[in-house]
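Working notes, structure below.
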2 protein chains.
Amino acid sequence: MSIIDIITKKKNKKELTYEELFMAFNGYHKSEIKDYQMSSLLMAITINGMTLNETLSLTDIFIKSGKVYNFNKKVSDKHSTGGVGDSTTFIVAPIVASMNIPMAKMSGRSLGYTGGTIDKLESIPGYKTQISEEEFYNQIDKIGLAVCSQSEMLVPLDKIIYALRDVSGTTESIPLIACSIMSKKIASGASYIVIDVKVGSGALIKTKEEAEIFSSWVISIGNHYNKKVKTIITPMDEPLSSSIGNALEVLEAIEVLKGKNNKLKEVSVEIASHIVSMAKGISVQDAKILSNNALKKGSAYKMFEKWITTQGGDLKGIKVSDKVLLLKSNIAGTINTISALNCAKLSLKLGAGKTTKEDIIDHSVGIKLLHQIGDKVNTGDVIAEIYVKDYDIELTEEDLKLFIIK
Amino acid sequence: MSIIDIITKKKNKKELTYEELFMAFNGYHKSEIKDYQMSSLLMAITINGMTLNETLSLTDIFIKSGKVYNFNKKVSDKHSTGGVGDSTTFIVAPIVASMNIPMAKMSGRSLGYTGGTIDKLESIPGYKTQISEEEFYNQIDKIGLAVCSQSEMLVPLDKIIYALRDVSGTTESIPLIACSIMSKKIASGASYIVIDVKVGSGALIKTKEEAEIFSSWVISIGNHYNKKVKTIITPMDEPLSSSIGNALEVLEAIEVLKGKNNKLKEVSVEIASHIVSMAKGISVQDAKILSNNALKKGSAYKMFEKWITTQGGDLKGIKVSDKVLLLKSNIAGTINTISALNCAKLSLKLGAGKTTKEDIIDHSVGIKLLHQIGDKVNTGDVIAEIYVKDYDIELTEEDLKLFIIK
């Protein structure tokens, strides 16, 4: 079978075998298959879908393209399929690690509107995001929590396929998303995995129905590798927290770790509870009580400090810009909507995200939303603070459409 | 709109505007759009289709990518969407030209099982397939018939898109096939166009239904440019004539021009009749009588000689190999099927076609089928002659499965 036969088979909605998928994807990894052949196959997959069998095969091919990590104890991991103002890792990891459930997390940088976990961590002066494999294993042994940059050896095939999908209009594919996420989680050695599935018009997964299919698939993939997987489905139409921007989001997470109640806390506790429930074999309800306690008693915050310090970070050094513009409401009314997408776009314009590899992220800029949905505001009320690099930044009315007030 | 937005729009089954198609295809022509983006878009088009509006837009973009030829009289053209043993051009062109209906034809070489019209013409020693634009126009003025290689300036966008489709599994798309064929026919200046649509499992167009849709589309595209277009639909499960191979097919066509009756003659007369009907504004029935007369009275053959001689060809110099293997039937029975695909594969193996640009075509080799469907044969009867370059060619039983005898 030639690559053309394989592409044509998928074009004709037929199921590809492991061998055929291997020939195509491993061949691409070895540069035997051309970019334009792979993008054509990816489009056929995006439109015609893949069966669970195909998705399991492809996940396996992805995993075997690189290194598979092994820990001498069972470790946990979490993943979110995108989200604005989502700093749950900073809260979930310390909660579970404080209960002796290790979390060994390899995170990515974001090439998009807002920074990824690694970008956020780099807003903490001194924090080493790149550590050796030995250091990574040792830190898990010693304190049960480590978050570092993805190794080049972690599913290298995903890296090149993801880059190609990004530039060929083939990102919106549930089986390809499932394969991309799960191959990395499985290869990085996690036994307990929670996936936070973001749903919304701005997300890769548009509807609740799609999210449910996606959930059942990632669970099936996990089970195939003897991993426990839970998913939660959260809307991403509005930002998860009132802070958007790298340093701002870390500071917001710290506030939650110190006792603040908000939606970020809620979602973090939910994710943590699922991990605790799987790891300890207790009900999610009981796990939630333990997770809330870890926050209340300060053990989560203590764990957080230990983690950041062990990896060289100086929490006192986190800086946000001292140049702040105040966004005022030009009408009186009730806040009806906060647009995650518009917050993300503005944060990108401010410099908090990047669209090309060459862009440099400014960790100190971002947005602080001072109101929530349902709040009543008067004309002239300050509704958001915009942390800017320079006051001469030109922001249009369009850029500042963060709220809909009715 | 970015190219990703355009690809995604087609992925989501939305109709693309002229501007969007222009941005994508013209951008690709100018190397602003990458191969892997175009192949992804082509796959989305292949699976999700294009509306007639989109196909008209794309045809126009194709035409405008190169030179549009103009004659000082109305000229005719014909095209076949593939076929084995199809040398109709050699018969149709002289028939219509003998009735003062000029045929100005730019043909291609085949990159496939069997040679294209240009390859077949090159089996005639001295025939100049590459002539200048001036020579082309002059010859049409002088004798009303010229067939030459496609100019580099004729729809250059089709050339690069066709090459990409060939290697990305996106050949089986009715709108893309219609666009590719019609853009070249319109750009090369024809006013009367007949398209012979080949249908069958081995053809790009698989079913009669698809062929009918395709027909209505090429007619609509033609009408849009004020061109008269007719289509005929012919099955390509069996070879059109009993000769397959470049020189052999020219010789077979000459036999028809000299009076031989067979299926090749039938199809040629049908195509010619449609052209004559359109050009003279008479019924197809009346045109058929005129076409048959042109063959009977020898005016078509005289025209053929004039054409070949004018373009430098020496008809007496056509040579087939003197090394002939005889294929004998190993059972007694009736010929039930002749496989066009297997004849084509064998002719490729003999050297009559080519699969890479570097392959060199051997004009002297090929197959002569000595029996037709329905003929009774005995064990040991010679059923085909195989013209080979060397007797040491290794032919397997599989290679020689040209007939099914029951």
Side-chain angles (χ1 to χ4, degrees), chain A residues 1-14 16 20 23-24 27-28 31-50 111-112 160-177 201-207 210 355-356, chain B residues 1-14 16 20 23-24 27-28 31-50 111-112 160-177 201-207 210 355-356:
Chain A
M1 243 200 176
S2 74
I3 182 67
I4 304 295
D5 294 330
I6 293 170
I7 296 170
T8 303
K9 195 173 170 187
K10 181 40 73 183
K11 189 215 85 180
N12 291 329
K13 299 195 168 79
K14 301 265 165 41
L16 297 175
E20 288 159 357
M23 196 204 139
Y28 182 62
S31 301
E32 291 162 3
I33 305 298
K34 306 284 186 189
D35 279 337
Y36 52 77
Q37 294 171 326
M38 182 47 71
S39 66
S40 170
L41 177 59
L42 290 169
M43 180 54 88
I45 290 172
T46 301
I47 297 177
N48 289 340
M50 284 207 292
L111 194 65
I160 60 170
I161 292 292
Y162 193 87
L164 184 61
R165 285 171 58 208
D166 200 39
V167 294
S168 63
T170 53
T171 51
E172 291 168 8
S173 159
I174 287 179
L176 291 176
I177 300 168
S201 56
L204 283 177
I205 297 170
K206 308 280 183 209
T207 65
E210 281 183 347
T355 49
T356 72
Chain B
M1 245 202 178
S2 74
I3 181 67
I4 303 294
D5 294 330
I6 293 170
I7 297 171
T8 304
K9 195 172 169 187
K10 182 39 73 184
K11 190 215 86 180
N12 291 330
K13 300 193 168 83
K14 301 263 166 43
L16 296 176
E20 288 159 356
M23 194 203 140
Y28 182 62
S31 302
E32 292 162 1
I33 305 298
K34 306 285 187 189
D35 280 336
Y36 51 78
Q37 292 170 328
M38 182 47 71
S39 66
S40 170
L41 177 59
L42 290 170
M43 180 53 88
I45 290 173
T46 301
I47 297 177
N48 289 340
M50 284 206 293
L111 195 65
I160 59 170
I161 292 293
Y162 193 87
L164 184 61
R165 285 170 59 207
D166 200 38
V167 293
S168 63
T170 53
T171 51
E172 292 168 8
S173 159
I174 287 179
L176 291 176
I177 300 168
S201 55
L204 283 177
I205 296 170
K206 308 282 183 206
T207 65
E210 281 184 347
T355 48
T356 72

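Residue numbers start from 1 in every chain, and the chains themselves are labelled A, B, ... in the order their sequence lines are given, proteins ahead of strands. Because the structure is predicted, anything quoted here is derived from the model rather than measured.
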Under a 4.5 Å cut-off applied to non-hydrogen side-chain atoms, are B:I7 and A:M43 in contact? yes
Which heavy atom of A:Q37 sits nearest to which heavy atom of B:V167, and what is that distance? NE2-O, 2.8 Å
Shorter than 4.5 Å, heavy atoms on both sides: which option in B:K34, B:K10, B:K11 has the most such pairs with chain A? B:K11
Which pair of heavy atoms, one from B:D166 and one from A:I4, lies closest together, and at what distance? O-CD1, 3.8 Å
Counting heavy-atom pairs closer than 4.5 Å to chain B, which one of A:L42, A:N48, A:I3 comes out on top? A:N48
What distance separates A:I47 CD1 from B:K13 NZ, expressed to the nearest 0.5 Å? 7.0 Å
Closest heavy-atom pair, B:S168 versus A:S40, reported as atoms and distance to 0.1 Å, is O-OG, 2.6 Å
